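A short worksheet on the structure shown next.
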Amino acid sequence: MSSIPEQLRLKFDRALVDAFGEELAGTDPLLASTNNPKFGDYQANLAMSLAKRLKQKPRDIAQQIVDRLEVSEICEPPEIAGPGFINLRLKREFLEAQLQKMQGSDRLGIDPTETPQTTVVDFSSPNIAKEMHVGHLRSTIIGDAIARVLEFHGDNVLRLNHVGDWGTQFGMLITYLREAYPDALTQPDALDIGDLVAFYKKAKIRFDEDPEFQETARNTVVKLQSGDTETRQAWELLCDQSRREFQKIYDRLDVQLQERGESFYNEMLPQVVEDLEKQGLVVEDQGAKCVFLEGYKNKEGNPQPLIVQKSDGGYNYATTDLAALRYRIREDGAQRVVYVVDAGQGTHFDQVFQVARRAGWIPEGVEATHVPFGLVQGEDGKKLKTRSGETIRLKDLLDEAVRRARADLEKRLQEEGRQESEEFIENVANVVGLSSVKYADLSQNRTSNYIFSYDKMLSLQGNTAPYLLYAFVRVQGISRKGAIDFENLGEVSMSLQEEPEFVLAKHLLSLSEILDEVASELLPNRLCQYLFELSQKFNQFYDKCPVLQAEEPLRTSRLVLCDLSARTLKLGLSLLGIEVLERM
RNA sequence: GGGACUGUGGCUCAGAAGGAUAGAGCAAGCGCCUCCUAAGCGCUAGGUCGCGGGUUCGAAUCCCGCCAGUCCCGCCA
């Protein structure tokens with residue numbers, strides 16, 4: 001079952017070739033949804049764009065296409081309007097048949113792609129020995145949603161957590177702990193993760209002030225890199241403790257990730273530089289090995305380098321990223337590598353991709369993409385901080401969302417005189433709280449900054465998770481009230497009668513176009529928009545069209561619309577990493 | 001100095017391979033529960049799409065210039 005625009009595209013292609021010859025084959029019919037129901041459901045805008053090429057009037061072109069367009073099974077007779085728009089209105093019988101197919105499919109009529117791609121999604125990426133904070137929120141949530149959409153799309157997805165588990169900071173931390181709290185380096189969990197963060201800060205201060213400490217820290221890094229047993233063990237202890245701490249957050253958010261940190265690429269770094277040298281891309285400048293970039297100038301107007309090896313022989317993160325990109329393409333077989341990293345890194349990725357491309361590490365047909373996102377800001381428009389100016393821990397942020405969801409739920413239960421079990425309350429508060437945080441983030445176009453507001457995300461009205469969850473709950477209400485088993489509705493025959501039914505049906509049938517779009521553009525907010533509109537359209541239908549009291553065959557037909565709405569919501573939300581509730 | 005991103009009703013945002021009168025939500029005002037949970041639905045009001053040029057049948061969308069905000073630019077990651 002292909003999407004409706006896809007079906008129409010084929011028809012247009014035939015009509016076009018028929019009317020104007022083979023050379024027009026494959027011309028995009030420029031199909032778009034209409035913005036006004038009086039123009040039908042879809043419009044094709046190609047006649048205007050062909051006017052110059054064919055040296056004919058757009059309306060005449062449109063007429064010739066329409067004369068040869070065989071869409072009578074899908075649409076009412078096409079109409080030509082305005083300067084040459086071809087307007088198409090879907091037929092009732094066609095919609096009914098499509099809905100029946102959708103009903104009978106466990107993927108809601110959406111086939112997996114015929115050309116699956118191996119795709120690496122690099123996201124989350126916290127730093128070892130630090131706690132996850134707001135900064136990791138967007139990458140984790142957006143990355144997970146993108147991975148889920150691509151998985152459903154049929155791609156072979158590798159979810160990689162490129163954790164910061166290497167580099168000078170470990171020399172610093174281990175050196176500091178050795179003098180301040182040696183137990184932490186030999187015994188698991190001797191320190192709380194929060195204390196570790198505090199020690200890290202102190203270590204950083206010492207490092208910046210004390211040259212002797214600096215020297216020792218550098219030596220520790222060298223020891224670590226050369227595999228000194230004691231240092232290595234201390235490092236592993238720290239990594240392990242952090243890892244378990246991260247996992248708690250991932251479990252709460254239901255995020256699957258494979259850890260492959262910076263250290264994984266460590267031993268490949270000399271080879272990376274060597275290969276760049278062999279290709280003549282490396283120039284030594286002030287003792288550092290550099291690749292000079294095309295299209296970048298420094299403050300003095302001279303070409304700007306990407307440093308691949310520091311003058312002290314060490315490597316920095318550009319080299320690690322080059323090694324990672326190369327490994328992912330060569331060894332993992334990635335055809336697409338997607339980096340879900342904040343927008344501030346845009347230049348860095350652009351530079352790394354440029355060097356990798358010049359080195360021939362990104363072959364034809366392989367795509368490396370930075371998927372940028374903006375900052376999380378407080379309601380004052382500044383970077384989100386606690387009242388005392390501290391960075392907000394992700395754990396606290398999630399706790400607070402759940403706490404507020406719970407308080408709101410309890411207030412309503414009291415007002416409505418409802419009695420619910422503690423288990424029910426806890427589960428609803430948890431799902432509502434976490435899904436609100438996720439949805440608020442995902443529903444914005446990720447490229448802009450985003451203003452974080454508990455009040456807005458938890459609101460029961462508007463484009464929020466609770467509003468969508470409620471639409472799903474309403475269907476479950478019908479099912480309980482009427483003792484309906486949606487999985488066994490028997491022989492269904494659709495019958496669309498009222499306007500809200502048509503509107504809902506058409507929206508349901510456009511899911512696959514949206515998912516294709518999200519898979520290619522990597523913009524989860526498009527899916528959110530779709531689901532929000534679906535909820536609105538379902539609520540309008542629910543308001544105007546009684547279901548359980550309707551006469552057959554209308555009753556079953558409406559039950560199918562309910563079922564499809566619920567299943568679409570559930571699927572769509574699951575692709576955003578959001579669970580649904582039976583009652584709330 | 002160079003570069004990237006952002007600028008759309010009071011507020012938060014959709015809409016960018018050009019398409020018909022620019023869409024939502026919140027907040028405001030007014031309606032709708034003998035009927036599947038009103039956590040809902042309907043109506044009203046609110047916009048020089050930052051500013052100025054250009055391209056064209058047509059521009060929020062493409063090009064150029066300017067203004068404002070955020071961020072990045074050789075040895076941190």
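Each chain gets a letter, A, B and so on, in the order its sequence line appears, and its residues count up from 1. None of the values given here were measured: they were computed from a predicted structure. The analysis underlying the following values was restricted to heavy atoms, covering all of them including side chains, and did not include hydrogens, waters or symmetry mates.
- With sequence neighbours excluded, the residues satisfying salt bridge (charged side-chain N to carboxylate O under 4.0 Å, His left out) with A:R206 are A:E179, A:D210.
- Within the structure, every pair that satisfies the ring pair (Phe, Tyr, Trp, His ring centres under 6.0 Å) test and touches residues 301-322 of chain A, not counting sequence neighbours, is listed here: A:Y317-A:H348.
- In this structure A:Y296 satisfies the ring pair (Phe, Tyr, Trp, His ring centres under 6.0 Å) test with no other residue, sequence neighbours excluded.
- Under the rule for a ring pair (Phe, Tyr, Trp, His ring centres under 6.0 Å), the partners of A:F264 that lie at least two apart in sequence or sit in another chain are A:Y327.
- Straight-line distance between the C1' atoms of B:G46 and B:G10: roughly 9 Å, to the nearest whole Å.
- Every residue meeting the ring pair (Phe, Tyr, Trp, His ring centres under 6.0 Å) condition with A:Y542, not counting sequence neighbours, appears here in chain and number order: A:F538.
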Q: Let me have RNA chain B in dot-bracket notation, would you? Count Watson-Crick plus G-U wobble pairs, both distances under 3.5 Å, and use [ ] for pairs crossing earlier ones and | for inter-strand partners.
A: (((((((..((((.....[...)))).(((((.......))))).....(((((..]....))))))))))))....
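- RNA chain B is contacted by A:T447, A:S448, A:N449, A:I451, A:K456 of residues 446-459 of chain A, taking any non-hydrogen atom closer than 4.0 Å.
- Among the heavy atoms of the strands lying under 4.0 Å from A:Q345 is at least one base atom, whether or not backbone atoms are also near.
- In this structure, A:F424 has no ring pair (Phe, Tyr, Trp, His ring centres under 6.0 Å) partners at least two apart in sequence or on a different chain.
- Residues in residues 435-463 of chain A take part in these ring pair (Phe, Tyr, Trp, His ring centres under 6.0 Å) pairs, two or more places apart or across chains: A:F452-A:Y454.
- For the pair A:D408 and A:K52, both in contact range of RNA chain B, the more 5′-proximal nearest nucleotide belongs to A:D408.
- In the 5' to 3' direction, nucleotides of RNA chain B lying under 4.0 Å from heavy atoms of chain A begin and end at B:G1 to B:A77.
- Two residues, A:C545 and A:R218, neighbour RNA chain B, and the one matched to the more 5' nucleotide by heavy-atom proximity is A:C545.
- The stretch residues 41-60 of chain A participates, sequence neighbours left out, in no ring pair (Phe, Tyr, Trp, His ring centres under 6.0 Å) pair at all.
- In this structure, A:F39 reaches the bases: a heavy-atom distance under 4.0 Å links it to at least one base atom across the strands shown.
- Counting only residues at least two apart or in different chains, salt bridge (charged side-chain N to carboxylate O under 4.0 Å, His left out) contacts with residues 453-481 of chain A comprise A:R404-A:D455.
- Counting any heavy atom pair closer than 4.0 Å across all strands shown, A:D321 reaches no nucleic acid atom.
- A distance-only check finds a donor-acceptor pair linking the side chain of A:R558 to the backbone of A:P546 [under 3.5 Å].
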